[in-house]
K.L.:
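Supplied in structure tokens, the structure appears directly below.
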Amino acid sequence: MKRTWEQRRRRVCEIIEIGNDSDFISRGYDFLNTLCIIINLIVSVMYTFEGIRSRYGSILLTIEGITVLSFAVDYFLRIWTAKYTRQDMGEIKAILKYMFSFTGVVDILSFLPYYLPVFFPSGAVAFRMFRVIRIFRLFRINAYYDSLNVITEVIVGKSQQLLSSVFIILVLMLASSLCMYSLEHSAQPDVFTNAFSGIWWSVSTLLTIGYGDIYPITTMGKAFSIIITFLGVGMVAIPTGIISAGFVDQYTRVKRMSDYGNEEDIRFIKIHITKSDKWADQMIRDLGLPYGVIVAAIRRNHKIIIPKGDVVLRPDDVIVLGAESFHDNEHINLKEVVLKKQNPWIGQYIRDLDISRLTIIVMVKRKDTVLIPKGDLLLLEGDTVILYTQKHLAHADTIAI
């Protein structure tokens with residue numbers, strides 16, 4: 001009973017996390033979750049129009065209540081299944097890790113302010129302001145689409161350069177504000193009343209907005225304003241150039257990774273999963289693969305599935321394993337023997353073969369099938385026997401591993 005309960009929790013975790021193309025229930029949940037986020041934001045915007053609010057206010061509030069309820073259910077389901085998303089830590093730590101993460105905070109603030117006025121009516125206005133945080137739930141859509149993930153990766157990768165450029169802009173804004181105050185205070189004491197009065201002017205000038213509500217009237221002030229305007233164009237171009245270079249680096253890195261996959265230093269093998277295999281119905285993260293071995297691809301029903309850690313292998317799946325070539329000067333020499341007519345091994349079981357104790361049969365290939373060399377395997381004409389031995393075998397080919 002407990003095992004069935006845990007299996008259900010694991011299955012719920014697979015559903016609410018990002019699903020693969022073959023898991024229609026999980027993909028349906030992703031679509032429904034995204035749809036609720038978009039509908040909730042549309043309803044929030046429409047409710048601000050007085051005409052729409054007066055005619056359809058009750059309908060909009062009902063839709064908002066349903067979508068917010070879905071956010072609450074999603075939040076508690078993620079707490080319930082947190083230990084399966086972070087299996088390297090205990091259940092309590094996994095729950096706390098999620099609750100205090102950026103995603104967890106956004107998730108709880110997307111529905112909690114909606115229900116708090118029920119218990120604290122006096123704070124209804126303040127809680128309504130917190131509902132704006134619900135818009136940050138749009139970042140969940142970011143996880144479903146690779147194109148949006150690229151934007152996130154670029155911003156995170158170039159965060160230091162972006163912060164440096166923002167710091168330079170802030171320093172320039174403060175310096176220009178002080179200079180403009182010195183030049184314009186005597187001519188416009190009511191406009192440039194203090195050093196911080198020019199902050200709005202410097203922001204609108206450096207960022208090329210230029211509302212015109214505050215501007216210099218002296219000759220020196222106008223000349224200085226021209227210089228700051230030219231600098232503003234360059235300052236805005238710096239973050240743009242950083243982000244553009246980040247996109248180029250990101251796509252170049254992806255292309256380079258795909259090119260490495262074709263190099264001779266990487267070896268790939270293809271394995272067909274059957275019902276009797278231990279890997280059947282196992283998650284990729286639970287396979288216990290050796291270090292340096294990865295699941296490169298999974299083919300299921302003529303579809304290629306991205307091998308993420310939470311993907312469960314199914315019978316009849318074809319998986320591709322990749323590993324770096326092992327460089328060693330000492331080769332293991334195997335011998336390949338094709339059993340032709342008159343070969344004494346034909347019609348004998350492997351356990352009855354008259355071979356040396358130092359001879360090990362590694363594999364038997366029969367037509368297009370690879371057979372495990374068990375003792376009760378009967379050798380037939382046409383079989384290819386691959387073995388390790390130090391004896392001389394006539395008509396045997398040497399294979400260097």
K.L.:
Using atom types as modelled and distance alone, determine if a side-chain donor or acceptor of E14 lies under 3.5 Å from a backbone N or O of S26.
P.N.:
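Checked: no pair found.
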
K.L.:
Is it the case that the side chains of T274 and S276 hold a donor-acceptor pair, with the cut-off being a distance below 3.5 Å and no angle test?
P.N.:
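Short answer, yes.
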
K.L.:
For A296, give me all partners under side chain to side chain contact (heavy atoms under 4.5 Å, CB included), at least two apart in sequence or on another chain.
P.N.:
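If we apply the side chain to side chain contact (heavy atoms under 4.5 Å, CB included) test to A296, skipping adjacent residues, the hits are F268, V320.
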
K.L.:
Taking side chain as C-beta onward, heavy atoms only, is F111 less than 4.5 Å from F76?
P.N.:
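In contact.
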
K.L.:
Carefully, step by step, assess F100 and L96 under the rule side-chain contact (heavy atoms from CB on, under 4.5 Å).
P.N.:
CA-CA 6 Å; F100 291 100; L96 294 175; 3.9 Å; yes

K.L.:
Hey, what do you get for CD1 (I319) to CD1 (I305), rounding to the nearest 0.5 Å?
P.N.:
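CD1 of I305 is found 12.0 Å from CD1 of I319.
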
K.L.:
Suppose we screen for salt bridge (charged side-chain N to carboxylate O under 4.0 Å, His left out). Which residues come up paired with R366, at least two apart in sequence or across chains?
P.N.:
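Checked R366 against salt bridge (charged side-chain N to carboxylate O under 4.0 Å, His left out); matches are D383.
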
K.L.:
Which pair of heavy atoms, one from R53 and one from Y47, lies closest together, and at what distance?
P.N.:
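Looks like NH1-O, 2.8 Å.
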
K.L.:
Report yes if the side chains of E64 and N40 come closer than 4.5 Å at any heavy-atom pair, otherwise no.
P.N.:
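Yes, side chains in contact.
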
K.L.:
Distance under 6.0 Å and angle within 45° of the ring axis: does R27 meet both against F24?
P.N.:
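Not satisfied by the 6.0 Å and 45° rule.
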
K.L.:
Which atoms form the tightest heavy-atom contact between V385 and W345, and what is the distance?
P.N.:
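Heavy atoms only, the tightest pair is CG1-CZ3, 4.3 Å.
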
K.L.:
Starting at OG of S176, measure out to OH of Y181 and round the result to the nearest 0.5 Å.
P.N.:
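S176 atom OG to Y181 atom OH measures 15.5 Å (nearest 0.5 Å).
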
K.L.:
Looking only at atom types and distance, does a side-chain atom of T81 sit under 3.5 Å from a main-chain N or O of C13, one as donor and one as acceptor?
P.N.:
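Not at all, since once roles are kept as given, no pair shorter than 3.5 Å links the two residues.
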
K.L.:
Any sub-3.5 Å donor-acceptor pair from H272's side-chain atoms to V318's backbone N or O?
P.N.:
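Here the side-chain-to-backbone pair does not exist.
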
K.L.:
Indicate the atoms forming the closest heavy-atom contact of R285 with Y84, along with that distance.
P.N.:
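Heavy atoms of R285 and Y84 come nearest at NH1-O, 3.5 Å.
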
K.L.:
Given side chains that start at C-beta, do those of L387 and I360 come closer than 4.5 Å, heavy atoms only?
P.N.:
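No, their side chains stay 4.5 Å or more apart.
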
K.L.:
Hey, what do you get for CD (E381) to NZ (K340), rounding to the nearest 0.5 Å?
P.N.:
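Between E381 CD and K340 NZ, I get 10.5 Å after rounding to 0.5 Å.
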
K.L.:
To the nearest 0.5 Å, what is the distance between CE (M283) and CZ (R10)?
P.N.:
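Separation between the atoms: 5.5 Å.
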
K.L.:
Which heavy atom in L60 sits nearest to a heavy atom in V43, and how many Å separate them?
P.N.:
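Heavy atoms only, the tightest pair is O-CG1, 3.3 Å.
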
K.L.:
Please check if the distance between the ring centroids of Y75 and Y98 is under 6.0 Å.
P.N.:
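Under 6.0 Å, so yes.
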
K.L.:
Hey, mind stepping through S165 and I242 against side-chain contact (heavy atoms from CB on, under 4.5 Å) and telling me if it holds?
P.N.:
CA-CA 9 Å; S165 64; I242 292 172; 4.3 Å; yes

K.L.:
Please round to the nearest 0.5 Å and tell me the distance separating atom CD1 of I15 and atom CG of N33.
P.N.:
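Answer for the CD1-CG pair, I15 versus N33, is 13.0 Å.
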
K.L.:
Would you mind listing every salt bridge (Lys or Arg N to Asp or Glu O under 4.0 Å) that reaches into residues 274-283, with sequence neighbours excluded?
P.N.:
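Non-adjacent pairs meeting salt bridge (Lys or Arg N to Asp or Glu O under 4.0 Å): D281-R314.
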
K.L.:
Where do M180 and F224 come nearest, in terms of heavy atoms and distance?
P.N.:
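Closest heavy-atom pair between M180 and F224: CE-CD2, 3.5 Å.
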
K.L.:
Side chains of M363 and L371: does their closest heavy-atom pair fall under 4.5 Å?
P.N.:
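Of all side-chain heavy-atom pairs linking L371 with M363, none is under 4.5 Å.
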
K.L.:
Side chains of I346 and L380, heavy atoms from C-beta outward: is any pair under 4.5 Å?
P.N.:
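No, side chains not in contact.
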
K.L.:
If I take atom CZ from residue F31 and atom SG from residue C36, how far apart are they, to the nearest 0.5 angstrom?
P.N.:
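Between F31 CZ and C36 SG, I get 10.0 Å after rounding to 0.5 Å.
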
K.L.:
Give the intermediate values and the outcome of side-chain contact (heavy atoms from CB on, under 4.5 Å) for residues V364 and I386.
P.N.:
CA-CA 6 Å; V364 177; I386 298 176; over 6 Å; no

K.L.:
Just wondering, do I63 and I39 contact through their side chains at under 4.5 Å, heavy atoms?
P.N.:
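A side-chain contact under 4.5 Å exists here.
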
K.L.:
Looking only at heavy atoms, which two atoms of P307 and A297 are closest? And how far apart?
P.N.:
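Closest heavy-atom pair between P307 and A297: CG-N, 4.0 Å.
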
K.L.:
Indicate yes or no: at least one non-hydrogen side-chain atom of I217 is less than 4.5 angstrom from one of Q188.
P.N.:
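Yes - at least one pair of side-chain heavy atoms lies under 4.5 Å apart.
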
K.L.:
Excluding sequence neighbours, so at least two apart, what forms side chain to side chain contact (heavy atoms under 4.5 Å, CB included) with V166?
P.N.:
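Result, side chain to side chain contact (heavy atoms under 4.5 Å, CB included) vs V166: L170.
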
K.L.:
Can a donor-acceptor pair be found between the side chains of T384 and E336 at a distance below 3.5 Å?
P.N.:
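The criterion, which ignores hydrogens and geometry beyond distance, is not satisfied for E336 and T384.
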
K.L.:
Can you list the steps and then say if L321 with I294 is a side-chain contact (heavy atoms from CB on, under 4.5 Å)?
P.N.:
CA-CA 6 Å; L321 297 179; I294 61 170; over 6 Å; no

K.L.:
Could you list all the salt bridge (Lys or Arg N to Asp or Glu O under 4.0 Å) pairs where at least one residue sits in residues 90-105, not counting sequence neighbours?
P.N.:
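Only R9-E91 qualify under salt bridge (Lys or Arg N to Asp or Glu O under 4.0 Å).
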
K.L.:
Is it the case that the side chain of T62 and the backbone of S58 share a donor-acceptor pair, with hydrogens and angles ignored and the cut-off at 3.5 Å?
P.N.:
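A pair under 3.5 Å: yes.
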
K.L.:
Determine whether a donor-acceptor pair (N or O, by modelled atom type, separation under 3.5 Å) exists between the side chain of R78 and the backbone of I16.
P.N.:
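Yes, R78 side chain to I16 backbone: donor-acceptor pair under 3.5 Å.
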
K.L.:
Are the side chains of I37 and F71 in touch, meaning some heavy atoms are under 4.5 Å apart?
P.N.:
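In short, these two side chains touch, coming nearer than 4.5 Å.
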
K.L.:
Got a sec, which pairs hit salt bridge (Lys or Arg N to Asp or Glu O under 4.0 Å) with one end in residues 155-173, sequence neighbours left out?
P.N.:
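Sorted pair list: K158-D249.
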
